[in-house]
Every structure is written in structure tokens, then in C-alpha cells.
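This report refers to the structure that appears directly beneath it.
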Amino acid sequence: MSPRRMLGPLVYGGLSLLAGLLFLLAASLWSDAGWGQRLGGAAWVAFLSLIVLMPVVIPWARRRSS
Amino acid sequence: MATRTDEREEPLQLTVPVEGMTCAACVNRVERALKRLPGVLDARVSLAAGRAGLEIDPSRVSLSTIAQAVAEAGYEVPLDTVRFHLPARGEAEAARIREALERLAGVVQAEVGPDGTVSVRYLRESIGPGRLKRALRELGYEVSERLAEEEGLDRERQARQQEIRRQFVNLLIVTPLAALVMLGMFHAYWPLSLFVPSWLGNRWLMLGLTTPIVLGPARQFFLRSISGLRHGVADMNLLYATGIGAAYLIALINTAWPEAGFGGRDATFYEAVAMLTLFIVLGRYLEALTRGRASEAIRRLMALQPQRARLLRDGQEIEVPADEVEVGDICLVRPGEAVPVDGVIVEGYSAVDESLVTGESLPAEKTAGDTVLAGTLNRTGAFKLRAVRVGRETTLAQIVRLVEEAQASRAPIQRLADWVAGHFILGVHLLALATFAFWFFYGYDRWFQPESRLLLSAGALGQMGAFGFAFLMSVTVLVISCPCAVGLATPAAVMAGTGIAASQGILFKGADAIEATARLQVIVFDKTGTLTQGRPSLTDVVALPGTTAEELLAWAAIAERRSEHPLGEAVLTGARERGLQPPEPQEFRALPGQGVEARLDGRTVILGNRRLMAEAGVDILPLEEQAQRLEEEGKTVVFVALDGRPLGLLAVADTPKPTAAQAAAELRRMGLQVAMLSGDNWRTARAIARSLGIEQVLAEVLPQGKAEALRQLQEQGLRVAMVGDGINDAPALAQADVGMAIGSGTDIAKETGHVILVRDDPLDVVAAIETARFTMKKVRENLAWAFVYNLVTLPVAAGVLYPLTGRMVGPEVAALLMALSSLSVSLNSASMRGWRPRRRSGPASPAPVAPRPLPQEVGR
């Protein structure tokens with residue numbers, strides 16, 4: 001995959017991962033839930049973030065690279 | 001470029017069918033894919049019609065590029081294939097044939113095999129086999145019978161049938177499996193505990209029962225969402241896939257590793273996975289059934305097109321496919337047969353049933369010189385016709401095209417719905433995210449009660465952890481939302497409305513025309529030819545004592561025998577209708593601005609106005625009172641004198657159409673203002689308006705002033721419709737908020753105006769407004785339902801009622817609600833099918849489709 005085509009996946013992948021990590025951090029600080037639940041929550045948040053970000057980021061990345 | 005057109009410089013309007021779209025997000029995806037193509041000037045995609053209306057620069061974009069872009073977006077442009085056989089040709093000739101065919105608008109690809117087989121892929125909406133065959137003939141090739149034809153009568157119907165079959169098979173798979181999963185899930189509860197074995201509740205068995213559901217019937221949602229996400233688009237399938245996939249994954253984890261911390265052994269969502277899939281598939285199945293019915297109007301019209309025609313060539317009768325009839329061919333039509341092309345009868349007489357094409361309920365009498373339309377049914381006698389319009393030019397084909405375009409268009413009211421539907425899916429995912437975070441961090445600790453239950457479920461939530469609880473809420477939000485209803489609300493109703501209207505001979509040129517028609521406040525009729533017959537006729541014969549009416553009329557007819565003036569024609573027609581056969585005068589003289597003078601057997605008859613009588617020294621005083629009364633009624637009066645002695649007078653007027661007064665009364669009853677616009681003098685115009693019960697009259701308006709008169713009404717804040725002739729009144733029709741071209745008959749393509757009334761009946765104006773109002777009522781109902789449903793259910797799914805009730809909506813109930821919501825919009829629109837405008841059953845017009853003359857003023 002060329003660097004131009006990598007832009008989109010890098011952005012939405014990175015941001016989703018960041019959202020998941022932020023959830024994990026917040027859960028560690030403010031929630032009594034166990035690690036399994038925290039990790040599951042982080043995965044779910046990252047997944048939903050991915051779905052929200054992909055349709056926004058992909059057209060933006062396409063416009064940028066064209 | 002693979003496909004070119006005959007007119008490369010001009011932007012080309014193109015309607016392309018698109019298969020595989022399921023929701024408003026699909027519409028956006030296809031629209032975006034098309035608009036990105038260089039050379040596509042505009043693209044409007046309709047979900048209900050399954051079509052894309054395009055404006056393209058044919059020199060920059062080809063049909064094959066368009067089809068490819070649609071395919072890359074995850075959908076399909078269905079193409080037909082036809083094969084011809086030519087004598088085997090060399091490589092050079094094959095290239096020439098290929099190039100010539102690919103030059104035609106609508107041809108995607110042409111291939112010429114070494115054995116002379118020409119295979120053409122084409123878009124049925126743009127071109128037909130007959131035109132392809134003609135192109136080959138023009139190249140000098142004798143085309144023999146087609147070897148094979150894969151075009152199919154109706155690809156759209158086939159696709160829908162496939163979808164119905166596919167979802168039915170899915171239902172057959174998912175229903176028994178879901179039933180077993182539900183039995184297993186609730187086996188411990190009475191009365192199931194009495195007869196359901198406990199082993200059916202084994203988690204591994206339920207995993208075994210649920211997995212085929214996910215990999216089978218639910219697979220379609222995953223495939224479509226992945227395809228969409230790869231193109232950066234979220235659609236309905238994504239909501240389903242996320243919901244089903246997440247529930248399945250958690251169930252799998254809690255079965256295999258109950259200690260993982262996701263709610264434990266009891267927090268499996270197998271029943272949610274099974275019921276979600278069942279309800280969504282059921283919804284899809286029912287929707288495919290109902291949505292197919294919405295486009296029946298087009299199919300019915302298309303089905304009218306006869307497949308075969310009998311041609312008379314060199315005195316021989318031969319049968320050919322109807323699409324191969326060419327202009328000028330003589331066709332034979334026998335009783336009971338459908339007319340194959342538009343044409344003029346050259347021999348024979350019959351009654352022709354035009355109801356399916358024009359909405360005219362009574363069969364029309366047709367004889368030599370009359371026009372007959374393709375698709376109409378010959379009832380009684382046999383006749384020969386000369387083909388005038390063939391293939392895509394026939395009135396029927398034009399009507400089909402107009403209705404297709406209207407169904408693919410978008411009403412202004414849809415803009416909000418489109419915007420909402422376009423952003424809906426992302427919004428719902430954000431809401432799901434927020435719901436999850438809220439219940440995980442705050443709501444669970446604050447309000448969770450272990451004894452609380454899911455709605456319509458016996459089982460308590462038990463020791464479900466924060467993750468399981470928040471996750472359940474989050475999935476429910478995804479599943480309960482129904483953007484489909486929002487996206488489908490307007491196009492489904494518009495499609496049904498345009499279909500109903502078309503079957504009545506009323507053609508709306510777009511969804512915006514329907515919306516504008518429904519909101520009208522003033523209807524302005526052009527007088528001549530719209531409310532009146534458009535030609536003068538003899539209304540009164542007043543003879544002086546000593547002269548009979550017959551004698552008076554006979555002399556008047558002799559005087560007018562050679563006249564070419566419309567008034568003369570009216571007198572002659574009146575005399576003939578009363579059984580008189582006037583002889584030819586020996587001398588005739590037209591006196592411009594005064595009348596005529598004729599001589600027969602030494603006697604001189606003059607017919608004309610007061611000035612002529614005064615110059616001839618004829619005393620008309622005894623007739624003056626009658627003359628003034630008739631003139632007050634808007635009639636034109638002429639005096640008749642024989643050898644200097646007055647015989648009497650005749651009155652001529654343009655008479656109202658039989659249904660004009662009824663139409664005006666109906667419109668007023670519907671709360672509309674009715675006005676009449678005329679080029680006539682005020683006295684004549686007022687007299688006609690009075691006889692029709694119309695109070696607002698705009699008289700002495702020149703043709704170029706009609707648009708200005710309408711503008712003045714619009715400046716008062718009124719929404720105005722102009723009803724008139726589509727060709728003569730074009731500027732006024734364009735100025736009006738809604739231009740209604742009435743009595744266009746066979747010349748639909750030439751018409752301006754937003755609404756075309758094929759017949760020549762003012763009651764069709766009433767029918768058009770009734771249909772538009774009914775359609776918009778359905779649109780509003782659909783939109784209200786779709787918005788209210790989502791506004792109410794989304795917060796409930798997010799758990800706003802849980803703190804108060806201790807109950808929450810489970811994903812399976814959410815799926816049921818979602819399927820019902822989507823289905824209710826489709827059913828509400830489908831329920832329009834049986835509706836017909838009330839006022840459409842009025843008396844039939846005397847000459848439903850005949851073109852008519854339009855004299856603006858009568859008089860000398």
C-alpha cells in the first residue's frame with residue numbers, strides 16, 4: 001500500500017485506538033469493573049469509534065490524496 | 001470511451017437502474033460515487049425507484065464507466081444483452097461494426113465474434129434491440145433473426161423476485177434455529193420447564209445453533225457493511241452487523257471463558273443474535289414484497305407495449321417484433337389486438353380503448369385520418385395505420401419515461417429526511433458510544449438492580465456486570481434505530497402517487513411538481529381551448545317574422561360556403577348539423593372587417609356586422625334588442641340579409657367544455673381560488689366566466705402578458721397554477737408555480753409545464769390536485785411516523801426509563817420494533833395503490849386526444 005493510501009487507515013486506526021486507550025485509562029481511574037470488563041469496554045469503544053471515523057476519514061483522505 | 005452519443009456537445013439526461021440499495025445511506029453512497037466521476041454534471045438517486053437520474057457530458061463519461069463506478073460502490077447496474085447474427089466478417093469490418101454500435105447512446109459494449117455473432121450489452125432504458133438492428137442495417141448488413149436474447153422482460157422484477165427468494169430461504173433457515181435457541185434459553189421457565197429438556201439450554205449447543213445463523217442468514221449484513229466501510233460509507237447493514245456481531249462475540253466469550261469478566265455464564269446473548277437476525281430478515285422479506293408493488297404502475301404501462309406487429313409489405317402480411325416497425329410502415333390491426341406503434345389510420349374504422357394509456361374510460365371512435373396510440377386496444381373493427389412514432393418515441397414510451405424520471409426525482413420535503421438519513425447511522429453509533437460510556441461509568445452503579453428484567457422477557461438480569469449491562473444498552477440503541485423509514489418515507493409515497501396519476505393520464509414531471517401542486521392556492525385557467533372547446537360554434541338562430549330559422553340558416557350557409565374564416569366554419573357546421581346541404585354560390589366576395597357577400601340564382605345574400613348592414617342600407621333595428629342581449633352573453637352576432645331585406649341574425653360563440661363548470665365548482669369546494677385568463681374582450685370573458693361560475697377574470701390579456709398577470713398574483717403571496725396549452729402558453733406555464741399543460745394528447749415530449757394532463761378534460765385538474773394532496777398526506781404520515789418512532793425509541797433503548805421502571809428493551813425486541821417501523825412505511829405507501837381521485841369519474845371529454853386549434857379571439 002502506498003503512503004498516500006495509508007493515510008486514511010492510519011488516521012482512523014490511530015484515533016480509534018486512542019479512544020480505546022482513553023476509555024481504558026478512564027475505567028482504570030474511575031470504575032470498579034475488573035480488567036476483563038475494562039478491556040472489553042475499551043475494545044467496544046475502539047470498535048464503535050472505528051465505525052464512526054471510517055466514513056468521515058476515508059473521503060477526507062481521498063480528497064487529500066487526489 | 002465505450003459509449004458515446006449522437007449529440008456529444010449537449011449534456012445528456014440518463015436514467016440508470018441501480019440494484020442492491022437498501023437504505024438512504026446506499027443512496028448517498030451511489031450518489032457520491034457517481035458525482036465523483038468526471039463528466040457527471042448531476043446525479044440524483046432514488047431508493048424507491050431503484051434508479052439514478054444523471055445529467056452527463058457524454059464526451060467525458062461513458063455508460064460503462066458509470067456502471068463500473070456503481071459496481072465499485074457495491075451495487076449493480078443491470079444490463080441486458082442481445083445477440084445478432086451477421087455473415088462472418090473480417091477483423092476490419094468487426095471493428096467498424098463495434099465502433100458504430102458503441103457510438104449509440106445506451107450501448108455499453110459491443111463484441112463481434114469470428115463467426116459473425118454480434119453481442120451487445122446495453123441499457124434497456126436508453127435503447128432497444130430494434131434500434132440496434134436498424135443501426136446494423138444502416139451499415140449495410142442484413143441482420144438475421146436473433147440467436148438469443150437475455151434481456152428479460154423486467155430485470156427489476158427479476159431482481160426483486162431474487163431478493164424475495166433469498167430472504168425467504170434465510171427465513172427458512174433462521175426460524176427453526178431461532179425457535180430452538182429461544183426454547184433453550186428459557187427452558188427453565190414455566191411452562192417450558194414442563195416439556196423442554198434441560199440439555200437444550202446447554203451453552204455449547206446454543207453456540208452450535210447460533211453460529212449457522214451468523215454465518216448464513218446474517219452473513220449478508222457483514223458483507224455489505226464491510227463493502228460499505230471500505231468505501232467510507234456507513235449504511236443500515238452496519239447497524240445490524242454491529243449489533244449481531246457484538247452480541248455473538250460476547251456470547252461466545254462468556255460461553256468459552258465465563259470468568260473473562262463480561263457478565264459471566266448467564267450473560268450470553270444467543271437469543272438476541274437469533275431473534276435479531278430473524279426479525280431483520282423478516283423485515284427485509286416483507287419489505288421486498290411490498291416495495292415491488294410500488295412500481296407496478298410502470299410495469300403495467302410497459303406491459304402494454306405489444307411485442308409483435310403485422311406489417312403490410314408488397315401486399316404481403318408479415319409479422320415482426322414491434323420494435324422493428326419503422327416510421328412509414330403500414331400496420332394491420334385486427335379486433336382484439338393492441339396497436340403496436342403510434343400512427344394514423346389510413347383505412348378502416350374501429351372503437352379503440354385508450355383507458356390504459358390516457359385514462360380515458362370510454363372507447364374512442366377512430367376512422368381514417370385519426371391518430372391511434374401504441375398500447376391501446378382495438379375493440380371492434382380492423383384498420384390499417386401508417387406508423388408515425390416508433391420505439392422510444394411512442395406516446396406510451398414517453399409516458400413511461402416521464403413517470404420513471406418523476407419517480408427518480410426528489411421532493412423538496414425530502415431534503416430534511418435525506419440529511420437526517422445521511423447522518424443518522426453515524427449519529428446512532430455515537431449515541432451507542434455515549435450510552436455505553438454513561439452506563440459503564442455512572443448508570444450501572446447508580447441504578448442497576450439485579451432483579452430487573454428485559455422487556456417481554458422472563459429472565460432477570462442477575463449479576464450482570466457493568467460491561468454486560470452497558471453493552472446491552474449500547475447494542476439495543478444500534479438495533480432499534482430505523483434510518484430506513486426516514487429515507488423511504490418520501491420516495492415510497494411519491495412513487496405510488498406518480499403511478500396512480502399516470503394511470504389516470506396525469507403526468508407529474510417530478511416529485512417537486514407533486515409537492516407544489518398539493519400546496520396550490522389559485523388555479524388560473526386559460527379560457528380558449530382549456531375551459532372552452534377552442535373553436536366557435538353556432539349557438540343561436542333568430543329569424544324575423546316571415547322567415548323560418550331553416551331558411552335563414554340556409555342562406556347564411558350559402559354565403560359562408562366558400563369562407564375560410566372560423567366564424568364561417570361555425571355557421572356551415574351548424575347548418576350541416578341541422579341537416580342542410582348548402583349549394584355552392586355562383587359568386588362570392590369576402591369583405592374584410594365586415595363580412596361576406598354571395599350570389600345564387602340571381603339573389604344576393606350578405607352576412608356580416610352592423611357596418612356592412614349600414615353600408616348595404618339594411619334596416620336591422622327590429623333585431624337590435626336581441627343582438628345586444630346575445631352580445632351581453634359574450635356571443636358574436638352576425639346579421640343576414642337577402643336582396644336588401646333583413647332575414648335575421650346568427651350568434652356564434654366558443655362554448656364551454658362539458659366538465660368545465662363542474663371542475664371550477666370542485667376546485668372551489670377544495671378551498672382553491674379559481675380564475676380565468678383570456679385574450680378576449682371583457683364582455684365575452686365575463687360572460688363565459690359567469691356561465692362557469694368563475695368570479696375572477698383577467699381579460700384582454702395578450703399572450704405575452706399572461707406570464708405578467710401570473711407574476712402579479714404571485715407577488716400577492718399566492719401559489720398559482722396555470723392551466724393551458726403546453727405549447728401556446730409556454731411562458732405562462734413556466735412562470736406559474738405549477739404549469740399544467742392540458743390536452744397534450746400525443747405530443748407529450750413537446751410539452752412545457754410541470755404537470756401534463758394527457759386528456760382534454762378540465763376535471764383532470766381536480767384529479768391532479770387531489771392526487772398530489774393525497775400523496776403529500778402520505779408523505780407527511782410516513783415522515784411523522786419515521787421521525788417520531790426514532791425520537792421515542794432511541795432514548796428508551798438508551799435506558800432513560802430504566803431508573804424508573806427497572807425494565808430495559810432487549811436487542812431482540814428492538815429488532816422487532818425496527819422491522820415493524822420500516823415495514824409500516826412501506827405498507828402505508830403500498831396502501832395507496834387502491835386509491836383513485838374522486839373526481840376522475842366525470843363525463844368523458846368528446847375528443848380526448850385529438851390536437852385542437854386554438855383561436856385566441858373570434859370575430860371579424
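Letters A, B, ... are given to chains in the order of the sequence lines, protein chains preceding strands, and every chain is numbered from 1.
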Query raised in the report: Where on A/A26 is there a heavy atom nearer than 4.5 Å to chain B: the side chain, the backbone, both, or neither?
Result: both
Report summary line: B/F440 and A/A33 have their tightest heavy-atom pair at CZ-CB, 3.8 Å
Query raised in the report: Looking only at heavy atoms, which two atoms of B/A246 and A/W44 are closest? And how far apart?
Result: CB-CZ3, 3.3 Å
Requested in this report: Anything under 30° is parallel, anything over 60° is perpendicular, the rest tilted; go ahead and classify A/F23 against B/F441.
Outcome: tilted
Requested in this report: Before giving the answer on side-chain contact (heavy atoms from CB on, under 4.5 Å), spell out for B/T242 and A/F47 the whole-Å C-alpha distance, their side-chain angles and the decisive distance to 0.1 Å.
Outcome: CA-CA 9 Å; B/T242 317; A/F47 179 68; 3.4 Å; yes
Query - Interface moiety of B/L249 toward chain A, non-hydrogen atoms closer than 4.5 Å - result: neither
Report summary line: Nearest heavy-atom approach of A/Q37 to B/F467 is OE1-N, 2.7 Å
**Report entry** Approximate separation, where rounding is to 0.5 Å, of B/H429 NE2 and A/L53 CG
**Finding:** 11.5 Å
Query raised in the report: How many angstroms lie between CG in A/L48 and CG in B/L426, if you round to the nearest 0.5 Å?
Result: 11.5 Å
